[in-house]
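Read through the structure below, which is laid out as structure tokens, and then see the notes.
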Protein chains: 2
Amino acid sequence: MSNDTEQATVFVVDDDEAMRDSLCLLLESVNLNARVFSCAQSFLGAFERHQSGCLLLDVRMPDMSGMTLLDALRSGGIVLPVIMITGHGDVPMAVRAMKQGAFDFIQKPFNARELLDRVHAALEQDRKNRLQRNKTEQCRALFMTLTDREMEVVDLVVAGNPSKIIARTLGISPKTVDIHRANIMRKLDVRTVAEMVQLRLSLRDA
Amino acid sequence: MSNDTEQATVFVVDDDEAMRDSLCLLLESVNLNARVFSCAQSFLGAFERHQSGCLLLDVRMPDMSGMTLLDALRSGGIVLPVIMITGHGDVPMAVRAMKQGAFDFIQKPFNARELLDRVHAALEQDRKNRLQRNKTEQCRALFMTLTDREMEVVDLVVAGNPSKIIARTLGISPKTVDIHRANIMRKLDVRTVAEMVQLRLSLRDA
DNA sequence: ATTCCAATAGGTAAAAACACCTAAGGAAGG
DNA sequence: CCTTCCTTAGGTGTTTTTACCTATTGGAAT
């Protein structure tokens with residue numbers, strides 16, 4: 001369960017110690033909570049998916065590059081906003097990063113104020129993402145309490161079938177369908193079909 | 001009303017005549033329908049929002065740049081996939097274009113096969129967008145047939161209110177609410193509340 | 001002025017959904 | 001073996017929705 005009160009963290013992954021230190025100082029100068037890593041692997045080892053914040057990621061690093069780490073995060077379903085930082089302007093790399101869902105792609109040397117602007121924007125994006133995902137998770141938890149049969153009935157109800165048709169479809173008595181429906185309404189804590197449909201649809205495209 | 005059977009068009013906007021001709025030949029060599037423009041203004045004057053296809057857009061042009069045209073298209077709610085083409089690698093420009101929703105950002109000189117790959121991908125994206133928007137438009141047309149009062153009732157039903165509560169909310173008789181509901185069901189061509197909710201929600205986030 | 005339609009409302013009746021009750025068969029686990 | 005849970009099903013009754021019918025008011029268009 002993620003915690004909204006915990007402080008957001010700006011993760012910094014860069015193999016250059018001087019850059020790490022300077023970024024850390026810059027971030028802490030505006031009271032941002034920063035954690036630095038010297039390589040992609042150590043970040044992957046320390047980061048847990050529920051942690052809120054954003055990531056400042058150097059593109060060019062030995063062993064695992066920033067692009068590879070970005071790919072790894074997205075493959076792992078981690079949607080943390082990532083600001084890529086690079087010293088060597090490379091358009092294809094920037095385009096690839098943006099297509100992979102990077103929040104921004106910034107060249108060194110960068111303006112401190114502009115970087116902080118982007119960091120704040122990324123943190124705000126993360127906050128919004130997190131709110132949405134919390135709602136989705138609570139919703140998913142509700143549906144987890146349903147049995148397989150009840151899920152079948154939910155989907156048939158949401159599709160707009162009356163109980164009589166649902167009974168025929170499942171080969172059971174209309175009475176039993178009503179029992180299932182009552183149990184579903186209680187478990188999902190809804191009082192009308194309209195609410196049930198909304199709850200189900202909020203999960204479909206999430 | 002957009003027409004799915006009409007041929008998709010690859011629009012080319014570039015101030016360099018040699019580039020226009022070469023792109024046009026390349027596109028027509030794979031049986032793509034191409035239309036070329038020498039500046040952003042002439043494209044804007046000729047393009048109509050229902051036309052399907054994609055846009056190959058040169059970044060650097062006199063008067064109105066490709067970036068400005070991209071901004072103008074997005075401001076106008078035109079979601080045609082745009083492939084930006086530039087001769088001078090510029091990371092901030094690429095990032096800005098991608099943030100503005102460009103489909104891709106390609107540097108000259110480009111590989112002909114790769115460009116065609118991207119064009120085909122853009123056309124496929126446009127086809128998907130268009131299918132989705134057609135559905136949305138049909139849906140919107142249905143709701144346009146509803147009166148203001150009926151829209152109020154729809155939203156209260158979708159929110160999960162029973163007729164009795166809706167009547168109290170609107171200060172009218174439960175009987176009248178039922179009349180409205182019946183008219184709504186007929187106009188929207190749905191037979192259950194679940195279908196009404198789905199139809200309404202498909203418009204909410206579109 | 002007349003016509004058309006939206007909004008209002010009542011009557012009647014059938015269908016559907018929802019709320020309670022009981023209860024049996026089967027599978028899983030302690 | 002016993003308990004627990006899922007699934008099944010019937011009974012009874014209330015509430016809600018839906019489908020027909022008629023009918024008045026008021027505004028907008030012709």
Side-chain angles (χ1 to χ4, degrees), chain A residues 1 136-204, chain B residues 1 136-204:
Chain A
M1 191 66 63
T136 302
E137 269 318 301
Q138 286 172 19
C139 185
R140 195 186 310 279
L142 282 177
F143 279 96
M144 289 285 286
T145 68
L146 299 185
T147 66
D148 292 349
R149 196 55 149 177
E150 285 164 350
M151 275 303 300
E152 290 186 277
V153 175
V154 163
D155 283 340
L156 287 166
V157 170
V158 170
N161 301 103
S163 292
K164 192 187 297 185
I165 304 296
I166 297 175
R168 215 171 300 162
T169 305
L170 299 179
I172 59 180
S173 158
K175 190 67 214 183
T176 305
V177 174
D178 283 342
I179 305 291
H180 285 315
R181 291 180 67 139
N183 291 335
I184 291 162
M185 302 290 257
R186 181 176 40 77
K187 286 184 177 179
L188 296 185
D189 192 30
V190 295
R191 292 170 316 290
T192 61
V193 175
E195 293 177 67
M196 194 205 297
V197 175
Q198 297 216 35
L199 209 60
R200 185 69 184 91
L201 291 187
S202 75
L203 265 191
R204 233 202 259 301
Chain B
M1 191 67 63
T136 302
E137 269 319 302
Q138 286 173 20
C139 184
R140 195 185 312 278
L142 283 177
F143 279 96
M144 289 285 288
T145 68
L146 299 185
T147 66
D148 292 349
R149 197 53 148 177
E150 285 165 350
M151 274 304 299
E152 290 185 278
V153 175
V154 163
D155 284 340
L156 287 165
V157 170
V158 170
N161 301 104
S163 293
K164 192 186 298 185
I165 304 297
I166 297 175
R168 216 171 299 162
T169 304
L170 298 180
I172 59 181
S173 157
K175 191 66 215 185
T176 305
V177 174
D178 285 342
I179 305 292
H180 286 315
R181 291 180 68 139
N183 291 336
I184 291 163
M185 301 290 258
R186 181 177 41 76
K187 286 184 178 179
L188 296 185
D189 191 31
V190 295
R191 293 169 317 287
T192 61
V193 175
E195 292 177 67
M196 194 205 296
V197 174
Q198 296 216 35
L199 209 60
R200 184 71 185 88
L201 292 188
S202 75
L203 266 192
R204 237 202 257 301

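Reckoned from all heavy atoms, side chains included, excluding hydrogens, waters and symmetry mates. Given the structure is predicted, the values throughout are model-derived calculations rather than measurements. The sequence lines fix the lettering, A, B, ..., with proteins before strands; numbering per chain opens at 1.
A heavy-atom distance below 4.5 Å is found between the side chains of B/Met196 and B/Met185. You'll find the side chain of B/Asp155 reaches within 4.5 Å of the side chain of B/Met151, heavy atoms only. Counting only heavy atoms from C-beta outward, the side chains of A/Thr147 and A/Lys187 approach each other to under 4.5 Å. Looking at heavy atoms from C-beta onward, B/Arg186 lies in side-chain contact with B/Asn183 at the 4.5 angstrom threshold. Inter-residue side-chain proximity for A/Glu195 and A/Thr192 is flagged as met; some heavy-atom pair is nearer than 4.5 Å. At a threshold of 4.5 Å between non-hydrogen side-chain atoms, the residues B/Arg200 and B/Phe143 count as touching. In this structure, B/Leu188 and B/Leu146 have side chains that are in contact, with non-hydrogen atoms separated by less than 4.5 Å. Considering only heavy atoms from C-beta on, B/Ser202 stays 4.5 Å or farther from B/Thr136 through its side chain.
Residues from residues 188-195 of chain A with heavy atoms under 4.0 angstrom of DNA chain C, sorted by number: A/Val193. Less than 4.0 Å separates DNA chain C from no heavy atom of any residue of residues 151-167 of chain B.
Remark: P of C/dA6 and CD1 of B/Ile184 are 13 Å apart, rounded to the nearest angstrom. In this structure, B/Lys187 places its NZ atom 11 Å from P of C/dC5, rounding to the nearest Å. The separation between A/Asn183 atom CG and C/dA19 atom P is 11 Å, rounded to whole Å. For the pair A/Arg181 CZ and C/dC20 P, the computed distance is 16 Å after rounding to whole Å. A straight line from CZ of B/Arg149 to C1' of C/dA9 spans 13 Å, rounded to a whole angstrom.
Within the 4.0 Å cut-off from OP1 or OP2 of C/dA7, at least one side-chain nitrogen or oxygen of B/Thr147 is found. Distances shorter than 4.0 Å separate some side-chain N or O of B/Thr176 from OP1 or OP2 on C/dA9. A close approach under 4.0 Å does not occur between any side-chain nitrogen or oxygen of B/His180 and OP1 or OP2 of C/dA6.
Note: B/Ile184 CD1 to B/Leu199 CG = 12.0 Å, rounded to the nearest 0.5 Å. One distance of note links OG1 of A/Thr176 with CZ of A/Arg149; it measures 9.0 Å at 0.5 Å rounding. Within the model, atoms SG of A/Cys139 and CE of A/Met144 stand 12.5 Å from one another, a figure rounded to the nearest 0.5 Å.
Reading DNA chain D from its 5' end, the first and the last nucleotide to sit under 4.0 Å from a heavy atom of chain A are D/dC6 to D/dT12.
Recorded end-axis angle for the helix from C/dA1-D/dT30 to C/dG30-D/dC1 stands at 50°, based on five pairs per end and rounded to 10 degrees.
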Can you give me every donor-acceptor pair (side chain of residues 158-171 of chain A, partner residue at least two apart or in another chain, under 3.5 Å) with its distance?
{"from": "A/Ser163", "atom 1": "OG", "to": "A/Asp178", "atom 2": "OD1", "distance (Å)": "3.1"}
{"from": "A/Ser163", "atom 1": "OG", "to": "A/Arg181", "atom 2": "NH1", "distance (Å)": "3.0"}
{"from": "A/Thr169", "atom 1": "OG1", "to": "A/Ile165", "atom 2": "O", "distance (Å)": "2.8"}

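Comparing A/Asp178 and B/Asp148 against DNA chain C, the residue whose closest nucleotide sits nearer the 5' end is B/Asp148.
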Worksheet item: What one-letter contact string describes nucleotides 21-30 of chain C from 5' to 3', where B marks a base within less than 4.0 Å of any protein heavy atom, S marks contact via sugar-phosphate atoms alone, and - marks no contact?
Response: ----------

